[in-house]
Novice: 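I have a structure I would like to understand better, so I am pasting it below and will then ask my questions one at a time.
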Amino acid sequence: MEGRVLQPKLIRLDPRLPTSLMSTSQPNSPEEHLGHFYITTPIYYVNARPHLGHAYSTIVCDAVARRKRSQGVKTWFLTGTDEHGQKIERSAKLAGKSPAEFAATISNEFRSLWDRMGLTYDDFIRTTEDRHKRGVQKLFSLLKEKGFIYKGSYTGQYCVSDEAFVEVPPGAPCPDCGRITETISEENYFFKLSAFERRLLEHYEAHPEFIQPEARRNEVIAFVRSGLRDLSVSRTSFTWGIPVPGDERHVIYVWMDALANYMTALGYGSDVPEDKQRFADFWPANVHLVGKEIIRFHCVYWPAFLLAAGLPLPKSVIANGWLLFDKAKMSKSIGNIVRAETVLEVLGADALRYFLLREISFGHDGNFTFEALVQRYNADLANGYGNLVSRVVNMVHRYFGGVLPEAGLLGTPEISIQNDAALTIVEFNTQFEAMDFSRALESLWALVAAVDGYLTASAPWKKPVEISEENHTKTQARILATAAEAIRIVTALVHPILPESTAKVWQQLGLGNLENAAKLGELKNITWGGLQPGTRFGEPAPLFPRAEKDAIERMQNLENENNASAVTTAGGSEASGSPILSEATAPPCEAKVAPNQAETLAPAPEPEVPCAPVVSAAATHESVPGIAQIGIEDFAKVELRVAQILIAERIPKADKLLRLEVDLGYEKRQILAGIAEYYEPEKLIGRKVVIVANLAPRKMRGLESQGMVVAASIGDQGAPILAGFLEDVPLGARLK
């Protein structure tokens with residue numbers, strides 16, 4: 001396939017989505033790359049274990065890779081972990097581990113989960129591997145030799161959370177993540193990014209498919225047109241990274257380090273003939289699939305590095321949206337993480353794959369809830385595809401001894417199903433190649449519904465009185481042969497998305513091993529008539545047992561149990577997951593903003609009580625009748641940590657609020673606390689306090705508060721007294 005896909009009028013493509021994103025050729029790629037396909041996930045940062053957001057990106061790449069292989073295209077699918085940087089060094093220290101031990105633990109979590117899910121990656125790169133280090137140092141040296149890297153000094157703001165330099169005043173939050181930036185001043189090597197402003201814009205213009213979807217393309221173009229400054233590409237304030245060749249006081253900037261993985265995994269920097277050949281075969285990449293929040297790094301810094309090195313640019317960088325839980329982005333800092341393992345345990349991997357690709361319009365944000373997952377599973381898989389397969393296979397066994405009969409002369413209903421199937425094949429293929437997975441599956445399930453309706457209307461299990469036994473048998477044969485062939489087509493098309501279930505269906509249809517069929521090219525050009533009369537069907541077996549009402553509760557309980565027994569790692573991340581929080585869990589002292597409040601000029605209302613959990617010194621179970629008790633699993637949801645106040649200042653026109661900047665050891669945060677009437681700001685600086693670290697961020701007075709300070713409430717007026725310690729307690733320590 002080359003160029004853009006021609007779209008028949010019947011096909012409905014979202015104009016906001018790109019078409020033919022997976023083309024195996026592009027004007028800047030050598031001819032020898034035709035017939036090869038290389039797709040990459042982002043390499044995942046090891047500050048926390050994987051959640052559904054990570055799984056979504058990797059499932060998309062796996063589905064694309066499976067389909068490409070089934071089409072006879074030599075495919076390479078890469079994933080892995082990004083393990084260097086200041087954040088990891090700090091998190092490891094807090095956890096009492098070396099950075100290498102800390103990174104290995106989380107990296108193994110990712111790889112183990114991908115294996116459990118049956119993902120067919122060809123390579124898993126770790127940025128701590130020698131092969132990666134060798135390639136990164138080669139790239140750095142090459143850019144330096146070509147005059148694109150020079151030594152200087154940098155003073156400015158750095159966001160440790162994003163591992164990014166940002167243009168904000170000292171003490172200001174990062175414009176991307178909202179966390180407080182740090183002022184750094186150190187000797188650095190710089191990359192001449194400013195020299196590539198024009199060349200980047202020319203490339204975007206010449207290759208509109210390079211950045212997708214259109215919204216992200218416009219975002220990047222606006223960023224570059226605003227002017228590019230030279231980029232610091234080394235650090236001396238920490239050591240956890242790849243040393244600069246010949247100047248090992250410096251470590252290479254984590255984003256230059258991380259981005260190079262796409263080449264080092266193929267063999268860039270290696271002298272081994274097999275590695276060199278792999279790099280020649282698959283570079284440049286066809287698709288870098290990334291989260292939309294890191295599009296700038298991949299579409300500005302990465303192509304600039306490659307242009308400077310004289311290397312081909314990737315053919316496309318495609319940004320998927322965020323996976324939201326109850327309409328909030330999944331984030332360990334917010335605490336609304338959902339683990340893929342929870343869904344695997346209750347409904348299986350195929351259910352998760354189907355839901356994510358069917359429910360979410362690729363390229364846009366998508367919402368995940370357990371309720372929506374179960375509803376989609378029952379409607380489309382249990383009652384739809386699974387039920388249809390069960391009905392047909394069972395009837396072939398019942399009426400024809402498990403051997404597919406000859407269809408005989410087809411009538412109008414059968415011809416209609418054939419025509420529907422032919423149109424579905426075209427529509428599904430086109431939509432899938434455009435990575436519009438949701439509409440591809442919608443079109444395919446329309447065929448499932450049509451066949452199911454045809455089967456119900458034809459009712460082969462009923463024999464009309466006026467029809468002879470012989471003619472009724474012929475009618476049954478025609479109906480079941482038609483339905484079975486339609487199932488074969490659906491199964492072949494959906495195989496990249498439902499690999500485990502379709503393999504079972506293929507065996508029930510008597511067609512053998514589906515993976516072997518895919519490797520042999522039997523799924524390359526699907527047309528009507530592939531299921532031959534006389535084929536002996538396999539034994540019927542359930543595919544998608546209906547999820548009962550308790551499935552949602554079971555998944556919720558699994559998340560809660562996981563949180564209660566989680567082993568806390570550094571940075572507040574949970575080795576086994578994080579609690580699920582929703583709007584209902586917001587603290588009552590946080591100011592709520594009405595839906596239309598943002599449209600007015602009125603300031604947000606000031607909280608009437610201190611933004612800290614208040615416990616009356618006189619309050620006991622006896623003095624407060626009926627006080628609610630909680631179990632250990634409820635307490636385990638609250639993450640209390642030790643922090644030190646670095647900055648304390650009053651907020652204009654907010655008499656009760658103080659803006660605090662606190663240091664948790666592994667990161668710095670901004671917290672708004674309603675204690676201004678009781679504490680002088682200057683006397684709080686340097687004080688160690690207890691904060692609720694996993695509280696969802698809230699905005700008040702236009703500022704974001706990332707946690708709560710814990711205080712007791714004393715006296716009739718409820719004066720807050722900050723919780724503290726007599727002993728010297730390290731920053732970031734968790735209270736249990």
Side-chain angles (χ1 to χ4, degrees), residues 1-7 13-34 36-40 42 139 142-143 146-148 164 167 176 191-231 233 255-256 259-260 262-263 282-321 362-364 430 433-436:
M1 182 188 70
E2 187 170 350
R4 293 189 178 274
V5 175
L6 295 177
Q7 301 169 22
L13 286 174
D14 188 333
R16 296 169 295 178
L17 287 172
T19 56
S20 194
L21 300 185
M22 299 177 290
S23 174
T24 55
S25 64
Q26 179 184 307
N28 75 330
S29 61
E31 286 299 317
E32 61 265 24
H33 291 119
L34 296 179
H36 288 72
F37 184 83
Y38 180 33
I39 187 169
T40 69
L139 178 62
L142 178 62
L143 297 182
K146 287 177 172 284
F148 291 109
E167 297 290 336
D176 293 326
F191 172 72
K192 294 182 179 179
L193 183 64
S194 59
F196 292 91
E197 184 176 322
R198 180 182 58 82
R199 291 184 65 184
L200 287 171
L201 291 172
E202 288 175 349
H203 186 78
Y204 304 153
E205 179 68 24
H207 303 290
E209 74 282 358
F210 177 65
I211 307 172
Q212 306 189 38
E214 189 69 18
R216 303 284 79 80
R217 170 179 160 81
N218 294 337
E219 173 190 324
V220 170
I221 290 175
F223 176 79
V224 175
R225 283 178 176 167
S226 69
L228 297 179
R229 297 186 180 184
D230 290 356
L231 177 69
V233 289
W255 272 106
M256 175 178 276
L259 290 164
Y262 303 125
M263 296 195 307
F282 288 103
W283 189 259
N286 295 80
V287 175
H288 287 328
L289 182 68
V290 302
K292 65 181 182 180
E293 72 277 8
I294 55 174
I295 193 74
R296 185 175 78 238
F297 299 99
H298 284 80
C299 295
V300 180
Y301 301 166
W302 181 224
F305 296 155
L306 294 170
L307 288 170
L311 293 166
L313 272 59
K315 300 172 187 178
S316 62
V317 180
I318 305 171
N320 61 263
F362 183 77
H364 307 286
T430 306
E433 289 298 316
M435 297 181 83
D436 194 350

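Source: prediction; values computed, not measured. Residues: numbered from 1 along the sequence shown.
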Novice: I need the L139 CG to L311 CG distance, nearest 0.5 Å.
Specialist: 7.5 Å
Novice: For Y38 and H288, does a side-chain donor sit closer than 3.5 Å to a side-chain acceptor?
Specialist: no
Novice: Can V300 and V224 be said to form a side-chain contact (heavy atoms from CB on, under 4.5 Å), step by step?
Specialist: CA-CA 8 Å; V300 180; V224 175; 3.8 Å; yes
Novice: Examine distances only and state if a side-chain atom of K192 and a backbone atom of G147 form a donor-acceptor pair shorter than 3.5 Å.
Specialist: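 Yes: the side chain of K192 pairs with the backbone of G147.
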Novice: Could you give the distance from CG (L231) to CE (M256), rounded to the nearest 0.5 Å?
Specialist: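 Rounded to the nearest 0.5 Å, the CG-CE separation comes to 7.5 Å.
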Novice: Identify whether NZ of Lys or CZ of Arg in R296 sits under 6.0 Å from the centre of the six-membered ring of F223 and within 45° of that ring's axis.
Specialist: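 Verdict for F223: a cation-pi partner in R296.
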Novice: Under 4.5 Å between any side-chain heavy atoms of W283 and P312, yes or no?
Specialist: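 The answer is yes, as the side chains (C-beta and beyond) meet within the 4.5 Å cut-off.
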Novice: Using salt bridge (Lys or Arg N to Asp or Glu O under 4.0 Å) as the criterion, list what pairs up with E167, not counting sequence neighbours.
Specialist: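 Salt bridge (Lys or Arg N to Asp or Glu O under 4.0 Å) check on E167 returns R229.
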Novice: Side chains of E209 and K315, heavy atoms from C-beta outward: is any pair under 4.5 Å?
Specialist: no
Novice: Is the Y262-H298 ring centre distance short of 6.0 angstrom?
Specialist: yes
Novice: Considering all heavy atoms of both residues, which atom of P213 and which atom of G363 are nearest to each other, and what is their separation?
Specialist: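 Taking P213 first and G363 second, the nearest heavy atoms are CG-O, 4.2 Å.
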Novice: Measure the shortest side-chain to side-chain distance between L201 and I221 over non-hydrogen atoms and say whether it is less than 4.5 angstrom.
Specialist: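 The answer is yes; the side chains approach within 4.5 Å.
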Novice: Nearest 0.5 angstrom please: I294 CD1 to Y301 OH, how far?
Specialist: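 Answer rounded to 0.5 Å: 12.5 Å.
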Novice: Short question: side chain of R217, backbone of Y204 - any donor-acceptor pair under 3.5 Å?
Specialist: yes
Novice: Could you check if a side-chain atom of F148 sits within less than 4.5 angstrom of a side-chain atom of F196, using non-hydrogen atoms only?
Specialist: yes
Novice: Going through the distances and angles, do E202 and R199 end up as a salt bridge (charged side-chain N to carboxylate O under 4.0 Å, His left out)?
Specialist: CA-CA 5 Å; E202 288 175 349; R199 291 184 65 184; 5.9 Å; no
Novice: Does some side-chain heavy atom of L200 sit less than 4.5 Å from a side-chain heavy atom of L228?
Specialist: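 Yes, side chains in contact.
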Novice: Using ring pair (Phe, Tyr, Trp, His ring centres under 6.0 Å) as the criterion, list what pairs up with F305, not counting sequence neighbours.
Specialist: F191
Novice: side-chain contact (heavy atoms from CB on, under 4.5 Å), that's the test. Do I318 and F362 meet it? Break it down for me.
Specialist: CA-CA 10 Å; I318 305 171; F362 183 77; 3.6 Å; yes
Novice: Under 3.5 Å, side chain of N286 to main-chain N/O of I39, donor-acceptor pair present?
Specialist: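 Checking the backbone N and O of I39 against the side chain of N286, no donor-acceptor pair under 3.5 Å is found.
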Novice: Measuring from L307:CG to W302:CH2, what's the distance to the nearest 0.5 Å?
Specialist: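 So the CG of L307 and the CH2 of W302 are separated by 11.0 Å.
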Novice: To the closest 0.5 Å, what do you measure between CD1 (I295) and CD1 (I211)?
Specialist: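 That separation rounds to 6.5 Å.
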Novice: Is there a side-chain contact between H203 and P303 in this structure, where contact means two heavy atoms from C-beta onward sitting under 4.5 Å apart?
Specialist: no
Novice: Within a strict 4.5 Å, meaning less than it, do heavy atoms of the D230 and S194 side chains meet?
Specialist: yes
Novice: Rounded to the nearest 0.5 Å, how far does CG of L259 lie from CZ of F297?
Specialist: 8.5 Å
